[in-house]
Amino acid sequence: MSQYAEAQEELELSHHPSPGQYVKIAVILAILTAFEVGISYIDALSDVLIPLLGALAIAKFVMVVGYFMHLKFDSKLFRYLFVTGIGFALAVFTIVLVIFFSAEGGPSPGGPG
Amino acid sequence: MATGELTPAVHEHHTSTGLDNTKMAMWAFLGSECLFFGSFISTYLLYRNQTADGPTSADLYDIPYTSVSSFVLLMSSLTMVLALAACHRKDQRGMRAWLLATALLGMVFIGGQIYEFTEFAHEGLALSVSPFGSSFFVLTGFHGAHVTVGILMLLLLVGMSMFDRLGPDDSRKVELIGLYWHFVDIVWIIIFTVVYLIPS
């Protein structure tokens, strides 16, 4: 490996969490998953269930991307590439929704929930 | 069996960004995969209530069962990152063990998905039964296909390591396959919430 590549890798690794920290993150992820499943059974939370589940999923997503995929510690360019993909996905979702609902007749019986 | 011998040095070049091109390509690929899965998730959300005369999600989903599958896939991300950490420590034996553990957890997840698909088929849900069935099977089936590709790549890494084709200086390969693996995990995090937990 060239000295440049070695130096680059050493710099990357110096910011990475330790194996113990990875285990702690995994425990938090497991607890969040159990919490998600638990609240999905509570009828009293039905009004706030979707935003709550969405927030928990986003929290888990960010933790895996940030710590396990090291995006928190890596170059911002990688972050831009990934976030651009997510942005495009959200744009497609919005466009599909608009086209679908503006189409004549809209969704058929029992349409989008 | 290899016990950590060095493989020939890899020549890396300075790049205009100062970043590794293969890693950049992997992140660009993962960005495009967001679009791929985003489209399928959007389609599922649009059609999930269009069940025709077929079974509905409420008839089919077994949340405790899928929760265990989700937990298994989540833990495979931990074993994957521990494999990479072992690789960085130049601990070839540890890396192989964690890679194998990751592949095994992936196989458990895929086994669970095959069982779930079989159960759903017995209940009357098929790809052509309803828009709900089509969008469900396409979304989760493509995710399962991605997990299967990931398992094959993990086993390839283990094989390369056993036959001296993956030395301590090849951590970038492990890192790139790890990124792919974590990506299938985060896609499942979204699928689990959107498809299984959010009521129709």
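Remember, predicted model here, so these are calculated numbers, not experimental data. We name chains A, B, ... by the order of the sequence lines, and we start the count at 1 in each one.
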Smallest separation among heavy atoms of Ala30(A) and Met75(B), with atom names: CB-CE, 4.2 Å
Could you tell me which residues in residues 138-156 of chain B have at least one non-hydrogen atom under 4.5 Å from a non-hydrogen atom of chain A, sorted by residue number? none
Evaluate the side-chain proximity of Arg89(B) to Pro19(A): yes if any heavy-atom separation is below 4.5 Å, no if none is. yes
Value for CG (Leu84(B)) from NE2 (His16(A)), rounded to nearest 0.5 Å, stands at 7.5 Å
With heavy-atom distances below 4.5 Å as the criterion, would you say the side chains of Lys23(B) and Phe78(A) are in contact? yes
Does any heavy atom of chain B fall under 4.5 Å from the side chain of Val23(A), the backbone, both, or neither of them? both
For chain A, the option from Ser70(B), Ala86(B), Ser32(B), Ala28(B) that forms the most heavy-atom pairs under 4.5 Å: Ala28(B)
With rounding to the nearest 0.5 angstrom, report the CG to CG distance, Asp74(A) to Leu179(B). 8.0 Å
Against chain B, work out which of Leu77(A), Val65(A), Val83(A), Ile25(A) has the most heavy-atom pairs shorter than 4.5 Å and name it. Leu77(A)
More than 12 heavy atoms of other residues, nucleotides or ligands under 6.0 Å from CZ of Phe36(B): yes or no? yes
Which bit of Met24(B) is near chain A, if near means a heavy-atom gap under 4.5 Å: side chain, backbone, both or neither? both
Go through the steps to decide whether Leu56(A) and Thr193(B) satisfy the test side chain to side chain contact (heavy atoms under 4.5 Å, CB included), and finish with yes or no. CA-CA 9 Å; Leu56(A) 286 167; Thr193(B) 303; over 6 Å; no
Roughly how far, to the nearest 0.5 Å, is the CG atom of Leu29(A) from the CG atom of Leu78(B)? 9.0 Å
Spacing of Lys76(A) atom NZ and Leu19(B) atom CG [to the nearest 0.5 Å]: 13.0 Å
Taking CZ in Phe88(A) as the centre, count heavy atoms belonging to other residues, nucleotides or ligands within less than 6.0 Å. Is the count above 12? no
Worked verdict on Thr33(A) versus Phe71(B) for side chain to side chain contact (heavy atoms under 4.5 Å, CB included): CA-CA 7 Å; Thr33(A) 304; Phe71(B) 178 76; 5.5 Å; no
Pick one of side chain, backbone, both or neither for Tyr41(A), based on which atoms fall under 4.5 Å of a heavy atom in chain B. side chain
Heavy-atom cut-off 4.5 Å, strictly under: side chain, backbone, both or neither for Ile86(A) against chain B? both
Is it the case that one hydrophobic cluster holds both Tyr115(B) and Ile110(B), taking links as side-chain heavy atoms less than 4.5 Å apart, direct or via other members? no
Measure up the Phe82(A) and Trp27(B) rings against each other and bin them: parallel (under 30°), tilted (30 to 60°), perpendicular (over 60°). perpendicular
Top residue by heavy-atom pair count (under 4.5 Å) with chain B, among Ile39(A), Val92(A), Leu53(A), Ile50(A)? Leu53(A)
Should Ile114(B) and Val195(B) be counted in the same cluster of Ile, Leu, Val, Met, Phe, Trp and Tyr side chains packed under 4.5 Å apart? yes
Could you look at Phe37(B) and say if it's the side chain, the backbone, both or neither that has a heavy atom under 4.5 Å from chain A? neither
Running the 4.5 Å side-chain criterion over Ile, Leu, Val, Met, Phe, Trp and Tyr, what cluster does Ile58(A) land in, apart from itself? Val62(A)
Single-linkage hydrophobic cluster Leu73(B)~Ile63(B), side-chain heavy atoms < 4.5 angstrom: yes
Closest non-hydrogen atom pair between Val37(A) and Ser67(B), with its separation: CG2-OG, 3.2 Å
Pick one of side chain, backbone, both or neither for Pro64(B), based on which atoms fall under 4.5 Å of a heavy atom in chain A. both
Count the heavy atoms belonging to other residues, nucleotides or ligands that lie under 6.0 Å from OH of Tyr65(B), then report whether that count exceeds 12. yes
From CZ (Phe93(A)) to OG1 (Thr43(B)), nearest 0.5 Å: 9.5 Å
Does Tyr44(B) share a hydrophobic cluster with Val129(B), counting links as ILVMFWY side-chain heavy atoms below 4.5 Å and allowing steps through other members? no
Val64(A) and Ser77(B): which non-hydrogen atoms are nearest, and at how many Å? CG1-OG, 4.4 Å
To the closest 0.5 Å, what do you measure between NE2 (His182(B)) and OH (Tyr67(A))? 14.5 Å
Note: Ala89(A) and Cys34(B) closest approach over all heavy atoms is CB-O, 3.4 Å
